[in-house]
Amino acid sequence: MAWRTREQVTAVIRQRRRRTDRLAERLMAALSAACVLLVPLIAAALWLRAWPILRTRPLGDLLFSTVWRPQQGAFGFFPFIMGTLWVTAVAMVLAVPPSLLTAIYLAEYAPPRLRAVANPLIDLLAGIPSVVYGVWGVVVVVPLVGQRVGPLLHRWLGVVPLFRQDNPTGYSILAGGIVLAVMVFPIIIAVAQDVIRAVPQGLREASLALGATRWQTVRNVVLRRAWAGVMAAIMLGFSRAFGETMAVLMVVGNIPQVPRSILDAAYPLTALIANNYGEMMSIPLYDAALMGGALILLAIVLVFNVAARAVLVRWVGS
Amino acid sequence: MTEPLIEIRDLNVWYGTEHALKGITVDIPARQITAVIGPSGCGKTTLLRSLNRLLEETEGTRVTGQVLLDGVNIYDRGVDVTEVRTRVGMLAPKPFPLPMSIYDNVAYGRRIHGLPVLDKGNGRHLDRIVERYLRAAGLWEEVKDRLHSPASGLSTGQQQRLCLARALAVEPEVLLCDEPTSALDPISAQRIEEQLRAIKTETTIVVVTHSLRQAHRLADYLIFLWLGELVEAGPARQVFQNPRDERTRAYLAGDIG
Amino acid sequence: MVPRPRISRRKLEELFFQGLMIISTVGVLGSLLLILGTIVWRGLPALDLAMITQTPKGGYYLGQEGGILNAIVGSLYLALGGTLLSMVASLPIALYLHFYAARSRWAEVVRLALDVLWGIPSIVYGAFGFLLMLWLGMRASLLGGIITLAFLELPIMARGMDEAIAMVPAALKEASYALGATRFETAARIVVRQTAPGLLTAVLLAFGRAIGDAASVLFTAGYTDRLPDSLLSPVASLPLAVFFQLGTPFPKVQERAYASALVLTVIVLVLSVLSRWLSRRLTRHVIR
């Protein structure tokens, strides 16, 4: 038969194609494996470099001591860890409610024309470099916090320590939080909006057909269905805010103290590393300490990732 | 019955725990049109997709038994799946042109198999081959002036004929058609049927159809499946006029399914 | 019919939340526009042709004369190099997830790793890149920056491509398989074409992240007033230019920071428009 001769002639070609396919598979598998190994590799590299101080000081001291005097060999990370957590927390408190409300509005209520204008703008702003947000922070937010918002909070809510203003400069946790919040708006809005839109139309109609108002439908049906995805959107925003360096560094004041008020200055871990890399090699153990700081950041990211996943799995499972 | 080209022996297919085909044993005659009929969900498509091993692209399927193509079991370990699919072509229910030009769609199969180089040695230029199979699919006249525009611009009926040309260009011995006209308008459907009848002198065709009238028009040989089991198989005329099994009789009469 | 009160509680609730949502939307979009406005308002007066066509003059790092061409060119080299390098790894990984490891445990592990990598702060990538360079005996250089940025971009690009490829209909892959194509042929010839717009979006997204990132190149690329002449020479970048210039006490140098920020913003804006335009052009062959 005709195909037999053809098959004989093309046997060589077929073998070559099969080899190419297998080679491609191996190469791709190797790259994937390398990608999986990258996380432990980064951790190991930082660990090795930080080993001189990890070896000589108890972990409890490093994490919970408030004394940071590199010249004297005192490396207490507590102020910096608190700085990171405070700024991130303030940013999320400021970012999440308006982002979600905006996402719901754009997905469920907004006329298509508004959506057609708003979404490209949001995409664009998601891409604007953090240093530009930082410039905005220095030019607009810091004076605003120092001269208007700060005194206002102090006058009306000053009895609560959280809102006392002992620092008139405006370079503060609140300024950092505002800049970060605006920075993560586009991220949370874009993802949450996609998730909300993905809820099947039939579900909405079922609720509306029972006489529910739009908001009742959103609250009881749409959000319930989209919950896991909305949480994922918030977590993406959190990751971004938590790891941000430049925008925060420029507005947060960078004073190594444990903050008591959102109007105090703080010194997040990321800022610590970025500000001091220059003299890292000239003070003994300083490089180990800074790499230790990076390791702490990485550890928090890992713990957070695992915890978030566990929580999500439980929620989605139920 | 002419000499069988495909012999199916005790073929079982599971999707996960669902037993989709149960011990099918049947022969498919060479250079005829075999129609596989039966109610939806009876395993028609599964049977078809077992013949070119496309089943294994779906996760969680398990196949036992044999499918002999010219006496060789295509499920044997040493058999190259791409070779099976070169010899056994397929036409899907919905046309899926590849994301490239009309010309490249027809040439795709030959190119990946490295045939154009060989053809050149035999004095067969790729252009001529593309033209030939576009003609065989009855599409040449409509597209000859825009061979290099995107295939996505064709109408659904034209796309399905393009898919036919694309499948034929690899010069398969067997062509599997899974409800090839279900997504088409009546005129395009008629065209496809005409082309299938025209090529059966060279190619063995297996058609899955839920339309008894289409089976009537096309089939030389008939296979009737019911809930994953083979109920009856035989020359089309015989099965239509004189079914042996009660379920076949009921299905053909429209009482069940 | 039972008579109802004219404004029921649920009607009030509806109005309340609608109001809240509109206020939020206006606030969010307003603050975002405010940023653009601030950058343009502050940057435009300081921007002139010399800024984008000359390297700095008069003083190491923070010269008050000349332009920021060193940073513009440096940033483009860094981001371009990092993106190319990252692409070489991302595309195979994304294809692997769908063609060879589809729905397997291993694919989930790779995706988890990519998610974790996505969340790692860029300063940590910077520190890692720095250590890597120490081991390799390299100095702060264009190459060092490129390698670090490639790591930073990898999860962004690979997940974006992963999502784009996930949209390919199974029937399209089967059409290729049914013609006897191997997995690799189907991946390289069909799926890459079909998903070209999505792949491009992922690439440009990663490029945008890379060109705007300061923390990762701080350790690894260095900073200089000159244009880079080899892969091993240190190189300036726009985000760092903004940062350093703004950090000086001289108002005139700070002006230059605003101009640099504006240039960076314009580059990102052009990228965003380019991405939309290109992905529309690439849909010529896409099958829906």
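Reminder, nothing fancy here: chain letters follow the sequence lines and each chain counts from 1. Values below: all heavy atoms of this structure, side chains included; hydrogens, waters and symmetry mates excluded.
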Between A:Val36, A:Thr20, A:Leu27, which shows the greatest number of heavy-atom pairs under 4.5 Å with chain C? A:Val36
Using a heavy-atom distance cut-off of less than 4.5 Å, which residues of residues 150-157 of chain C contact chain A? C:Phe151, C:Leu154
Chain C interface, residue from A:Ile42, A:Leu31, A:Val301 that has the most non-hydrogen pairs under 4.5 Å: A:Ile42
One option among C:Leu95, C:Thr265, C:Ile39, C:Leu117 has the most heavy-atom pairs under 4.5 Å with chain A, and it is C:Leu117
Pair count under 4.5 Å, heavy atoms only, with chain A: among C:Ile93, C:Ile35, C:Val26, C:Leu20, highest is C:Ile35
Engaged part of A:Val138 at the chain C interface, taking heavy atoms whose separation is under 4.5 Å: side chain
Are the side chains of A:Arg115 and A:Gln193 in touch, meaning some heavy atoms are under 4.5 Å apart? yes
Report which part of A:Leu290 has an atom under 4.5 Å of a heavy atom belonging to chain C: side chain, backbone, both, or neither. neither
Inspect the contact between A:Asp21 and A:Arg18 and indicate whether a charged nitrogen and a carboxylate oxygen are less than 4.0 angstrom apart. no
Side chain, backbone, both or neither: which part of A:Ala29 has an atom under 4.5 Å from a heavy atom of chain C? both
Chain A contact via C:Phe16 - which portion, at a heavy-atom distance below 4.5 Å: neither
Spell out, as yes or no, whether a donor-acceptor pair under 3.5 Å connects the side chain of C:Ser272 to the backbone of C:Val268. no
Heavy-atom pair with the smallest gap, counting every atom of A:Ala294 and C:Ala127: CB-CB, 4.1 Å
A:Ser99 and C:Val28, any side-chain heavy atoms less than 4.5 Å apart: no
C:Leu246 versus chain A, the contacting section by heavy-atom distance below 4.5 Å: side chain
Within-4.5 Å side-chain heavy-atom neighbours: A:Leu249 and C:Phe243: yes
Name the region of C:Val273, side chain, backbone, both or neither, that has any atom closer than 4.5 Å to a heavy atom of chain A. neither
Note: vs chain C, highest number of non-hydrogen pairs under 4.5 angstrom among A:Leu236, A:Leu295, A:Leu302, A:Ile128 is A:Leu236
All ring pair (Phe, Tyr, Trp, His ring centres under 6.0 Å) counterparts of C:Trp118, not counting sequence neighbours: none
C:Arg209, part contacting chain A, at a heavy-atom distance under 4.5 Å: side chain
So which part of C:Leu134 gets closer than 4.5 Å to some heavy atom of chain A, the side chain, the backbone, both or neither? side chain
Where on A:Asp123 is there a heavy atom nearer than 4.5 Å to chain C: the side chain, the backbone, both, or neither? side chain
For a side-chain hydrogen bond (donor to acceptor under 3.5 Å, both in side chains) check, start with the C-alpha distance between C:Ser260 and C:Gln245, then their side-chain angles and the critical distance, and finish with the verdict. CA-CA 9 Å; C:Ser260 308; C:Gln245 289 165 340; 3.0 Å; yes
Where does A:Arg49 contact chain C at under 4.5 Å (heavy atoms): side chain, backbone, both or neither? side chain
Tell me, side chain or backbone of C:Thr38 under 4.5 Å from chain A's heavy atoms, or both, or neither? side chain
Provide the closest heavy-atom pair for C:Gly144 versus C:Met133 in the form atom of the first, atom of the second, distance. CA-SD, 3.6 Å
Identify which part of C:Leu240 has an atom lying under 4.5 Å from any heavy atom of chain A, answering side chain, backbone, both or neither. side chain
What part of C:Leu131 lies closer than 4.5 angstrom to a heavy atom of chain A: side chain, backbone, both or neither? side chain
Engaged part of A:Val140 at the chain C interface, taking heavy atoms whose separation is under 4.5 Å: side chain
Which portion of C:Leu218 sits near chain A, non-hydrogen atoms under 4.5 angstrom: both
Residue list, ring pair (Phe, Tyr, Trp, His ring centres under 6.0 Å) with A:Phe304, at least two apart or on another chain: A:Phe238
Please classify the contact of A:Leu37 with chain C as side chain, backbone, both or neither, using a heavy-atom distance under 4.5 Å. neither
Go through the atoms of A:Thr213 and report whether side chain, backbone, both or neither lie under 4.5 Å from a heavy atom of chain C. both
Shortest non-hydrogen contact between A:Pro120 and A:Val117, atoms and distance: CD-O, 3.4 Å
Is A:Arg309 close to chain C through its backbone or its side chain, or both, or neither, when contacts mean heavy atoms under 4.5 Å? side chain
Suppose we screen for ring pair (Phe, Tyr, Trp, His ring centres under 6.0 Å). Which residues come up paired with C:Tyr258, at least two apart in sequence or across chains? none
Roughly how far, to the nearest 0.5 Å, is the CD atom of C:Glu108 from the CG atom of C:Asp115? 9.5 Å
Under 4.5 Å from any heavy atom of chain C, what part of A:Ile104 do you find: side chain, backbone, both or neither? both
Can you find a side-chain donor-acceptor pair between A:Thr270 and A:Glu244 that sits under 3.5 Å? no
Contact origin within C:Phe130 toward chain A - heavy atom pairs under 4.5 Å: side chain
Check whether the side chains of A:Thr217 and A:Ser207 place a donor and an acceptor atom closer than 3.5 Å, and report yes or no. yes
Give, for atom CE of C:Met21 and atom CG of A:Leu100, the distance between the pair rounded to the nearest 0.5 Å. 11.5 Å
Side chain, backbone, both or neither: which part of A:Ala33 has a non-hydrogen atom closer than 4.5 Å to chain C? both
Got a second to check how far C:Lys11's NZ is from C:Glu14's CD, nearest 0.5 Å? 8.5 Å
If we only count heavy atoms from C-beta on, is the A:Phe185 to A:Leu125 side-chain gap below 4.5 Å? no
Which atoms of A:Leu121 come close to chain C, meaning under 4.5 Å heavy atom to heavy atom: side chain ones, backbone ones, both, or neither? side chain
Taking the side chain as every heavy atom from C-beta outward, state whether A:Leu180 and A:Phe242 have any pair of such atoms under 4.5 Å apart. no
Against chain C, work out which of A:Leu23, A:Leu124, A:Leu48, A:Leu298 has the most heavy-atom pairs shorter than 4.5 Å and name it. A:Leu124
Contact origin within C:Leu97 toward chain A - heavy atom pairs under 4.5 Å: neither
Chain C contact via A:Ile189 - which portion, at a heavy-atom distance below 4.5 Å: side chain
Apply side-chain hydrogen bond (donor to acceptor under 3.5 Å, both in side chains) to residues A:Trp215 and C:Glu13 and explain how you reach the verdict. CA-CA 8 Å; A:Trp215 171 251; C:Glu13 192 187 329; 3.0 Å; yes
